[in-house]
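Residues take their numbers from the sequence shown, with the count starting at 1.
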Amino acid sequence: MAARCCGCSVRCCCWLLVLTLVALAVTATVVFVRYRNGGQVFPLPGVPDPKYAEALAVALQFFQVQKSGKLVRNEIPWRGDSALDDGEEAKLDLSKGMYDAGDHMKFGFTLAFTGTMLSWSVLEYGDAMRAAGQRDAAMDALGWIMDFLVNAHPSDDVLYIQVGDPKADHKCWERPETMSEKRPLTKITTKSPGSDVAAETAAAMAAASLVYKPINGTYSSSLLDHAQRLFAFADKYRGSYTRTFPELSAYYNSTTYQDELLWAASWLYHATGNHSYLSYATGKNGKEYADLGNPRYFSWDDKRAGTEVLLSRVSFFASDGSDVGQDEGLGSYKDTADAVMCILLPESDTAAFRTEGGLLYVAEWNSLQHPVASAFLAAVYSDYMSTSGKTELTCSGKSFTAADLRKFAKSQADYVLGDNPMKLSYLVGFGDSYPQRVHHRGASIPADVDTGCDGQEWLKSPKPNPNVATGALVGGPFKNDSFIDDRENVRQNEATTYNSALIVGLLSGLVSSSSVAQSLS
Ligand SMILES: *[C@@H]1O[C@H](CO)[C@@H](O)[C@H](O)[C@H]1NC(C)=O
Ligand SMILES: *[C@@H]1O[C@H](CO)[C@@H](O)[C@H](O)[C@H]1NC(C)=O
Ligand SMILES: *[C@@H]1O[C@H](CO)[C@@H](O)[C@H](O)[C@H]1NC(C)=O
Ligand SMILES: *[C@@H]1O[C@H](CO)[C@@H](O)[C@H](O)[C@H]1NC(C)=O
């Protein structure tokens, strides 16, 4: 017979205990938050907003769709093992990682950026993700990327930055499970540098080391060690990977590499607390390369706006009078982050262009990447403001609040989720109406068909995809808010893994009205 306590079974008793502990923890946190904010009360990550929570659950599934390698607990019925021999020619296991988009390339530059953004999202909004039941899914995706990046860095000054030949890959229309073409490797070395891709990989690993710190110390230290060695390599052997390999500039052309060096140094500062990384970003390099004072958009190519927000974190939360708080260079980053926020706010005098439907519009190819990335930064910045109690933002004499930034962030998320002139959700699998012909090889070919390289009939078919690429955030609308759901319309209808990382960050920020932790470590 089961032991009894308070008139019920052991299991019931445990639940009572758990509930009591949870209640105590919540009370303690409320008291702590009040204390920390000088008596001001900010909402705790509370009941998740059902719309954003559902969208977050949908968005995270795209990482399952994009996985390469031997799948574990696969829940996507039309996906299976693929690319098991990736890395073999260098005797490395590069089978994990994720396919970049509707193709089967593994591009290190955007894959690492995906890892950095996932980590940043977990670091700021891990509690909100947990409340929505989605933190494990985010961690699973992050681990799959990090395992690949670790294996891609076999020695100090060698990093494998690409698996597959983009020309050969893009010529074939086939499922990843039946791929047969060669998967050559590309690596950077001291003689063939790639500071941008090495530094982005360092940023991803430094950020992930913070995520793993409380849960897996060994893995966290190993990631941090890789990150520091990669940063040293990136900084010492300078050059852009698309200048080293000009044939790759047709895919993800890296305009400069200095922005990634500053971004990686900022992440390494957060991960190590070592001031030499902070002075790297705020000193001479920052003055020369950060173009402080000029607001920009954050993207896989340009990390400056992201660096400004990430470093402003230090300014927001530095204790009064600390050396760090007085750092002049850091102040310029914070001022530029303010200017970035000012161009995002529609009521500000420096507001950037938006479409009639209200979408921030920067570029036609993959048009949603900029509004979604900007909205993520706005959500984060708004939470830095409310958590630190520094609640006012001034844009050319006009005053704005954290709530104004949050409103902008929501407006962009709502547009993406269907509140737009097309009444279409650009997040595949969310809502009643979303693109049916996403440019995605695996989704467009029935799971039991082996096309070899020549499955073009499935590319050209006018029919909807037989498989749903759940969680894909497609490129998005034209400047006139219109969209053409055609599989060959790659500008508008291709999904990318990094797009999904950006929307995951944004939705995690909106799931609850949250504050952020004052320290990332
Ligand atoms: C830590 O991470 C490594 C690498 O993913 C894994 O092999 C190991 O089992 C993890 N350890 C724990 C305690 O979770
Ligand atoms: C890539 O970027 C470099 C540097 O901005 C530029 O000079 C070059 O024309 C670009 N190449 C392509 C193919 O866009
Ligand atoms: C800080 O980082 C620099 C650059 O990597 C290194 O030379 C130095 O030893 C580090 N300092 C500490 C205290 O770890
Ligand atoms: C919207 O813009 C696209 C691309 O510029 C154009 O092809 C299309 O005809 C426009 N649609 C409308 C309704 O104006």
Side-chain angles (χ1 to χ4, degrees), residues 59-72 74-76 78-87 93-115 117-118 140-149 151-152 160-186 197 201 204 248 251-252 300 366 369 428-429 438-445 447 451 453 455 458-459 465 467-475 487 490 493-504:
L60 279 161
Q61 287 189 53
F62 196 56
F63 300 113
Q64 300 301 324
V65 168
Q66 294 303 90
K67 270 185 180 174
S68 158
K70 175 131 197 72
L71 303 184
V72 184
N74 172 36
E75 285 176 5
I76 309 291
W78 49 276
R79 279 305 325 274
D81 299 347
S82 63
L84 297 178
D85 297 335
D86 276 7
D93 178 2
L94 299 179
S95 63
K96 282 188 172 182
M98 287 173 196
Y99 301 122
D100 185 65
D103 59 356
H104 302 140
M105 287 302 299
K106 292 178 196 167
F107 289 116
F109 192 42
T110 43
L111 184 60
F113 179 58
T114 302
M117 292 314 295
L118 271 175
D140 176 86
L142 182 62
W144 206 261
I145 293 170
M146 287 304 141
D147 288 350
F148 172 90
L149 295 179
N151 288 355
Y160 285 82
I161 59 157
Q162 183 175 290
V163 185
D165 166 359
K167 268 209 174 119
D169 184 285
H170 291 182
K171 253 191 263 162
C172 292
W173 195 265
E174 59 193 341
R175 305 174 59 241
E177 291 80 1
T178 63
M179 246 190 315
S180 55
E181 70 274 13
K182 285 211 171 68
R183 306 268 297 161
L185 307 177
T186 308
V197 61
T201 309
L248 297 186
Y251 307 97
Y252 290 104
W300 57 263
N366 190 4
Q369 62 166 322
V428 174
V438 179
H439 181 91
H440 190 277
R441 284 164 179 72
S444 72
I445 305 172
T451 59
C453 178
W458 299 101
L459 166 63
N465 287 343
N467 312 310
V468 181
T470 308
L473 175 65
V474 298
R487 203 172 290 108
V490 287
N493 217 5
E494 185 163 15
T496 58
T497 305
Y498 55 91
N499 266 17
S500 289
L502 296 170
I503 191 88
V504 159

Fill in: Pairwise side-chain contact, Glu494 with Asn366, heavy-atom cut-off 4.5 Å (strictly under)
no
Discussion item. Using the side chain to side chain contact (heavy atoms under 4.5 Å, CB included) criterion, which residues pair with Lys182? Sequence neighbours excluded.
Written reply: Pro184
Item to complete: Take Asn465 and Arg487 through the test side-chain hydrogen bond (donor to acceptor under 3.5 Å, both in side chains) and record every step on the way to the result.
Response: CA-CA 9 Å; Asn465 287 343; Arg487 203 172 290 108; 2.8 Å; yes
Item to complete: Assess whether side chain to side chain contact (heavy atoms under 4.5 Å, CB included) is satisfied between Tyr160 and Asp86, documenting all intermediate values.
Response: CA-CA 11 Å; Tyr160 285 82; Asp86 276 7; over 6 Å; no
Worksheet entry | Separation of Glu181 CD from Asp169 CG (nearest 0.5 Å) | 5.5 Å
Fill in: Leu118 versus Ala501, closest heavy-atom pair with distance
CG-CB, 4.4 Å
Worksheet, complete the sentence: Ser82 and Tyr99 have their tightest heavy-atom pair at OG-OH, 2.6 Å
Worksheet item: Stepwise, does the side chain to side chain contact (heavy atoms under 4.5 Å, CB included) test hold for Glu75 with Gln61?
Response: CA-CA 9 Å; Glu75 285 176 5; Gln61 287 189 53; over 6 Å; no
Worksheet item: Ignoring hydrogens and geometry, is there a side-chain-to-backbone donor-acceptor pair from Lys106 to Lys96 under 3.5 Å?
Response: yes
Worksheet item: In terms of ring plane angle, is the pair Tyr251 and His170 parallel, tilted or perpendicular, where the classes change at 30° and 60°?
Response: perpendicular
Worksheet entry | OH-CD distance between Tyr498 and Gln369, expressed to the nearest 0.5 angstrom | 5.5 Å
Worksheet entry | Straight-line distance of Asn467 CG to Arg79 CZ, nearest 0.5 Å | 10.5 Å
Item to complete: Please test Thr496 against Trp300 for side-chain hydrogen bond (donor to acceptor under 3.5 Å, both in side chains), starting from the C-alpha separation and ending with a verdict.
Response: CA-CA 11 Å; Thr496 58; Trp300 57 263; over 6 Å; no
Worksheet item: Within a strict 4.5 Å, meaning less than it, do heavy atoms of the Val504 and Met117 side chains meet?
Response: no
Discussion item. To the nearest 0.5 Å, what is the distance between CE on Met146 and OG1 on Thr201?
Written reply: 8.5 Å
Worksheet item: Do the side chain of Ser500 and the main chain of Phe63 share a donor and acceptor less than 3.5 angstrom apart?
Response: no
Fill in: Test item: Glu177 side-chain N/O and Gly80 main-chain N/O as donor-acceptor pair under 3.5 Å
yes
Worksheet item: Between Phe62 and Ala495, what is the shortest heavy-atom contact and its length?
Response: CZ-CB, 3.7 Å
Worksheet item: Okay, side chain of Gln162, backbone of Gly164: is any donor-acceptor separation there less than 3.5 Å?
Response: yes
Worksheet, complete the sentence: On a heavy-atom basis, the closest approach of Thr114 and Ile145 is CG2-CD1, 3.8 Å
Worksheet item: Would you say Trp144's side chain and Ser68's backbone share a donor-acceptor pair under 3.5 angstrom?
Response: yes
Fill in: Euclidean distance, Thr451 OG1 relative to Arg441 CZ, rounded to 0.5 Å
10.0 Å
Worksheet entry | Pair Phe109 and Tyr252, ring centroids less than 6.0 Å apart | no
Discussion item. If you define the side chain from C-beta out and look only at heavy atoms, does anything of Val65 sit under 4.5 Å from His440?
Written reply: yes
Practice prompt. List for me each residue that meets side chain to side chain contact (heavy atoms under 4.5 Å, CB included) alongside Ser95, sequence neighbours excluded, and say none if there are none.
Written response: Asp93
Discussion item. To the nearest 0.5 Å, what is the distance between CG on Leu502 and OG1 on Thr497?
Written reply: 11.0 Å
Worksheet entry | Worked check of side chain to side chain contact (heavy atoms under 4.5 Å, CB included) between Trp173 and Ile445 | CA-CA 9 Å; Trp173 195 265; Ile445 305 172; 3.8 Å; yes
Worksheet item: Of all heavy-atom pairs between Leu149 and Ala112, which one has the smallest distance, and what is that distance?
Response: CD1-CA, 4.2 Å
Item to complete: Provide the closest heavy-atom pair for Leu111 versus Gly97 in the form atom of the first, atom of the second, distance.
Response: CD2-CA, 4.2 Å
